[in-house]
Structure formats: C-alpha cells, structure tokens
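The structure under discussion appears below in the form of structure tokens.
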Amino acid sequence: MRRGAIATAFANASPASPGPASMYKMLTMGLAASVGLAGWPDPAGAELFSKTGPVIAIMANDLFVGEAKGHLSGAGTIAIHSQRNPEVTCTGQFTSSAERGGLGQMRCSNGATGTYRFKRMTLEKGYGTGSYGQSSMSFTYGLTAGESEPYLKLPPGKKLGRNGKALELVNVDKVRDKNRQEESSLQALKSWSVERYRAVLALLHGKGD
C-alpha cells in the first residue's frame with residue numbers, strides 16, 4: 001500500500017469529529033498499512049537483502065560451477081552446470097541458520113536429483129556434501145578454487161586448474177610436468193643471467209687494464 005492509499009484510508013475512516021471508536025479504527029488501519037510496506041510485498045524489495053556467490057561442486061566425478069543466492073532469512077537458491085557438458089544444469093533451493101547449518105535439494109536437467117547439507121564458515125562462505133543421483137557430491141560456495149580444494153572430493157589424479165578464465169579438472173601429472181618445465185626454464189634463465197653478468201664483468205675488467 002502506497003502513501004496515497006494510506007491517506008485515503010485515514011480520510012475514509014475519519015468522521016468530521018472523530019470519537020474514540022473512530023480514532024481506534026484509524027490507528028488500526030494505519031498500522032496495517034505500515035506492516036504492508038515493511039513486509040516486502042514485491043520481490044524487488046527482498047533483493048536488497050540478498051547475496052550471490054560462486055559455487056564449485058564435484059558431482060559424479062564431474063566439475064559443476066555456478067552461483068548460489070542467499071537471502072537475509074537464510075533461504076536461497078542454487079543454479080549450477082557441468083563444466084564439461086554445459087547442457088547439464090541443476091537448480092534448487094536451500095535453507096540455513098548459524099545454529100543448524102543448512103540443507104537443500106535440487107533437480108537436474110538429466111533427470112538426476114540431489115539433497116545436500118552444508119556448514120556456514122561465514123555469512124558468505126561455506127562447504128557441504130550430499131547426493132547426486134546414485135553418486136556423491138561435495139561443494140563450496142563463496143570460496144576461490146584454491147580455498148575450495150580441501151573441502152572437495154576430487155576424482156583420483158585430478159585437481160582444479162584454469163584454462164584461461166574457465167575452471168576445469170586437470171591431471172595432477174600434467175600440472176607437475178608443467179611446473180617442472182617452468183622451474184627448468186627459470187633455472188636456465190638464472191644460469192644465463194649469471195654467465196652474462198660474468199662476461200660483462202670480464203669485459204669491463206679487460207678495459208680497465
């Protein structure tokens with residue numbers, strides 16, 4: 001109810017010389033109107049008190065990413081998709097509290113359903129586990145890839161990596177080989193720099209003589 005409607009309600013409820021009964025009616029209608037304004041009658045009002053954060057999940061040895069939106073009440077929604085096959089999407093709802101933690105359920109486009117529980121680390125971060133069809137799931141929300149790894153049940157021989165900006169599951173051996181190559185290149189650069197430095201010193205020393 002808008003302010004104009006509140007004023008109209010007062011006007012209609014007020015006789016020329018309001019008595020105690022009329023005054024009581026005015027106060028009752030005014031209170032009801034105020035509660036209506038404070039009760040978020042439209043979704044736009046509730047959005048002011050919501051927070052969206054990234055979700056990283058491992059479900060049936062597949063990587064899913066997306067977002068979770070939580071509201072001040074502790075309720076919220078989740079929307080994720082398979083990184084390997086973006087056509088597989090999952091959406092659901094959850095509720096949470098600092099005392100009891102959180103729980104939720106979701107349904108996926110491939111027909112699988114899931115239930116999950118999670119623990120809040122802060123108002124914006126947490127981790128959890130659950131089921132995805134006949135398989136298990138583990139996930140985090142509000143955490144970076146590096147922060148998430150200790151809470152995720154990654155497939156054997158896999159870890160989280162980046163392909164440009166996209167997050168993906170990569171082979172641990174591949175990451176090790178890349179690190180070895182980078183370390184080898186760095187050592188070669190250091191050796192070249194030292195030899196170059198010595199050559200410059202020798203040249204300067206020769207000119208001094």
Side-chain angles (χ1 to χ4, degrees), residues 40 43-180 182:
W40 295 346
E47 293 297 319
L48 296 175
F49 298 92
S50 64
K51 184 71 174 181
T52 301
V55 173
I56 302 174
I58 301 296
M59 305 184 344
N61 289 334
D62 191 11
L63 172 65
F64 283 69
V65 295
E67 291 182 336
K69 177 180 287 187
H71 303 291
L72 194 62
S73 63
T77 58
I78 184 173
I80 57 178
H81 65 272
S82 167
Q83 193 74 320
R84 183 174 57 191
N85 183 9
E87 293 183 358
V88 179
T89 61
C90 303
T91 57
Q93 301 82 34
F94 61 84
T95 59
S96 68
S97 69
E99 297 79 15
R100 297 187 300 273
L103 56 91
Q105 56 186 1
M106 64 181 181
R107 181 176 297 275
C108 303
S109 59
N110 59 4
T113 59
T115 58
Y116 53 89
R117 290 184 173 274
F118 59 93
K119 181 177 181 179
R120 289 163 54 174
M121 302 169 67
T122 69
L123 288 176
E124 302 174 3
K125 300 179 180 181
Y127 62 93
T129 59
S131 64
Y132 169 66
Q134 301 300 314
S135 302
S136 63
M137 68 176 291
S138 58
F139 66 95
T140 65
Y141 62 92
L143 300 180
T144 65
E147 294 171 335
S148 297
E149 284 199 348
Y151 304 102
L152 297 176
K153 187 177 180 181
L154 297 170
K158 299 285 187 178
K159 70 172 300 177
L160 295 177
R162 292 281 179 182
N163 183 6
K165 292 184 178 181
L167 194 63
E168 65 178 6
L169 288 175
V170 297
N171 293 326
V172 173
D173 292 338
K174 183 178 180 181
V175 175
R176 289 174 180 169
D177 290 341
K178 182 179 179 180
N179 291 339
R180 290 194 189 101
E182 291 177 350

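Quantities reported herein were computed from a predicted structural model and do not represent experimental measurements.
Ring planes of Y141 and F118: perpendicular class, angle over 60° (limits at 30 and 60°).
Side chains of L160 and L167 form a contact here, defined as non-hydrogen atoms less than 4.5 Å apart. Using a 4.5 Å heavy-atom cutoff, the side chains of I58 and M137 are not in contact. The shortest side-chain heavy-atom distance between K119 and Y151 does not fall under the 4.5 Å cut-off.
In plain terms, the two heavy atoms of K69 and F94 that are nearest each other are O-CZ, 3.7 Å. Contact between H81 and P86 at its shortest, heavy atoms only, is CB-O, 3.9 Å. Here the closest heavy-atom approach between residue E87 and residue S109 is recorded as O-OG, 3.1 Å. Heavy-atom minimum distance, M59 versus I80: SD-CD1, 3.9 Å. Considering all non-hydrogen atoms of both residues, L103 and R117 come closest at CD2-NH1, 3.8 Å. In terms of heavy atoms, N85 sits closest to S82 at N-OG, 3.0 Å.
Within the model, atoms CG of L63 and CG of L152 stand 8.5 Å from one another, a figure rounded to the nearest 0.5 Å. Taking CD of E168 as the start and CG of N163 as the end, the distance is 4.5 Å to the nearest 0.5 Å. Atom-to-atom distance recorded for Q105:CD and I78:CD1 is 12.0 Å, nearest 0.5 angstrom. One distance of note links CZ of F64 with CE of M106; it measures 7.5 Å at 0.5 Å rounding.
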List the steps and the verdict of ring-ring contact (aromatic ring centres under 6.0 Å, His included) for Y116 and Y132. CA-CA 9 Å; Y116 53 89; Y132 169 66; over 10 Å; no

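A search for side-chain hydrogen bond (donor to acceptor under 3.5 Å, both in side chains) contacts involving N61 returns nothing, not counting sequence neighbours. Remark: R107 pairs with no residue by the salt bridge (charged side-chain N to carboxylate O under 4.0 Å, His left out) rule, at least two apart or across chains.
Atom CD of E149 has more than 12 neighbouring heavy atoms from other residues, nucleotides or ligands inside a 6.0 Å radius.
Looking only at distances, a side-chain donor or acceptor of S96 sits under 3.5 Å from a matching main-chain atom of G74. Looking only at distances, no side-chain donor or acceptor of T140 sits under 3.5 Å from a matching main-chain atom of L143.
Shown are V88, D62, V65, L169; of these, the side-chain contact (heavy atoms from CB on, under 4.5 Å) with Q83 is made only by V65.
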